Amino acid sequence: QVPLVESGGGLVQAGGSLRLSCAVSGQTLASFWLAGFPQAPGKEREFVGIISQSGGTTFYADSVKGRFTISRDNVKRTMYLQMNSLKPEDTAVYYCAVRVRSGSYSATENYGSWGQGTQITVSS
């Protein structure tokens, strides 16, 4: 288990920006691919983006391409999800997770060590 802690959530108006952080303490983060999954009320967790161990590879869901950017700082043991041009439909609890097995980026069963989540609310 990798103890992930998300932060940076809050309330923002449509069109605004937020940056989420996902940090780990006590151990290295550099060995893992990391991903972000928002979960809207009444819905399943939905993949939005993933970043490789070095940060050299990223992949995004079509719904957030051009708006969200995932990055990482392995020295600070932190992953970041920069979210721009936010829409009300982006409202969700945002989780980060460690990729623990190969397969589809979007399949939640390929991830473990989920953080506790942080709420993002986008008002219209």
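Everything numeric here is computed off the predicted structure, so don't read it as measured data.
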What's the separation between atom OG1 in Thr57 and atom CD1 in Ile50, rounded to the nearest 0.5 Å?
10.0 Å
Just list the side-chain donor-acceptor pairs under 3.5 Å for residues 3-10, sequence neighbours left out, or say none.
residue, atom, partner, partner atom, Å
Glu6, OE1, Gln116, N, 2.9
Glu6, OE1, Gly117, N, 2.8
Glu6, OE2, Cys96, N, 2.7

If a pair satisfies side-chain hydrogen bond (donor to acceptor under 3.5 Å, both in side chains) and one of its residues is in residues 30-40, list it, with sequence neighbours excluded.
Trp33-Gln53, Gln39-Arg45
Ignoring hydrogens and geometry, is there a side-chain-to-backbone donor-acceptor pair from Asn110 to Ser104 under 3.5 Å?
yes
Quick one: do Phe47 and Val98 end up in the same hydrophobic cluster if we chain Ile, Leu, Val, Met, Phe, Trp and Tyr together by side-chain heavy atoms under 4.5 Å apart?
no
Please find the pair of heavy atoms, one from Gly56 and one from Ser52, that lie closest to each other, and give the distance.
N-OG, 3.3 Å
With sequence neighbours left out, what residues match Thr69 under side chain to side chain contact (heavy atoms under 4.5 Å, CB included)?
Tyr60, Gln82
With sequence neighbours left out, which residue pairs that include part of residues 41-90 fulfil the disulfide (SG to SG under 2.5 Å) condition?
none
Taking every heavy atom of Asn84 against every heavy atom of Ser17, the minimum-distance pair comes out as OD1-OG, 2.9 Å
Scan Val48, Val64, Leu20 and name whichever one has a side-chain contact (heavy atoms from CB on, under 4.5 Å) with Met83.
Leu20
From Met79 atom CE to Ile70 atom CD1, the distance as rounded to the nearest 0.5 Å:
4.0 Å
Taking all non-hydrogen atoms of both residues into account, name the closest pair between Ser63 and Glu46 and its distance.
OG-OE2, 4.3 Å
Taking atom CG of Leu11 and atom CG of Leu18, what is their separation to the nearest 0.5 Å?
8.5 Å
Sequence-distant partners of Ala97, side chain to side chain contact (heavy atoms under 4.5 Å, CB included), two or more places apart:
Tyr111, Trp114
Do Thr78 and Asp73 have side-chain N/O donor and acceptor atoms under 3.5 Å apart?
no
Minimum heavy-atom separation for Arg72 and Leu29, please, with both atom names.
NH2-O, 2.7 Å
Give every residue pair that meets the side-chain hydrogen bond (donor to acceptor under 3.5 Å, both in side chains) criterion with at least one member in residues 86-103, sequence neighbours excluded.
Arg67-Asp90
In Å and rounded to the nearest 0.5 Å, what is the CG to CG distance from Leu34 to Asn74?
8.0 Å
State yes or no: do Val122 and Phe37 share one hydrophobic cluster built from I, L, V, M, F, W and Y residues joined by side-chain heavy-atom distances below 4.5 Å, directly or via other members?
no
Ignoring hydrogens, what is the shortest heavy-atom contact between Ala14 and Pro88? Give both atom names and the distance.
CB-CD, 4.0 Å
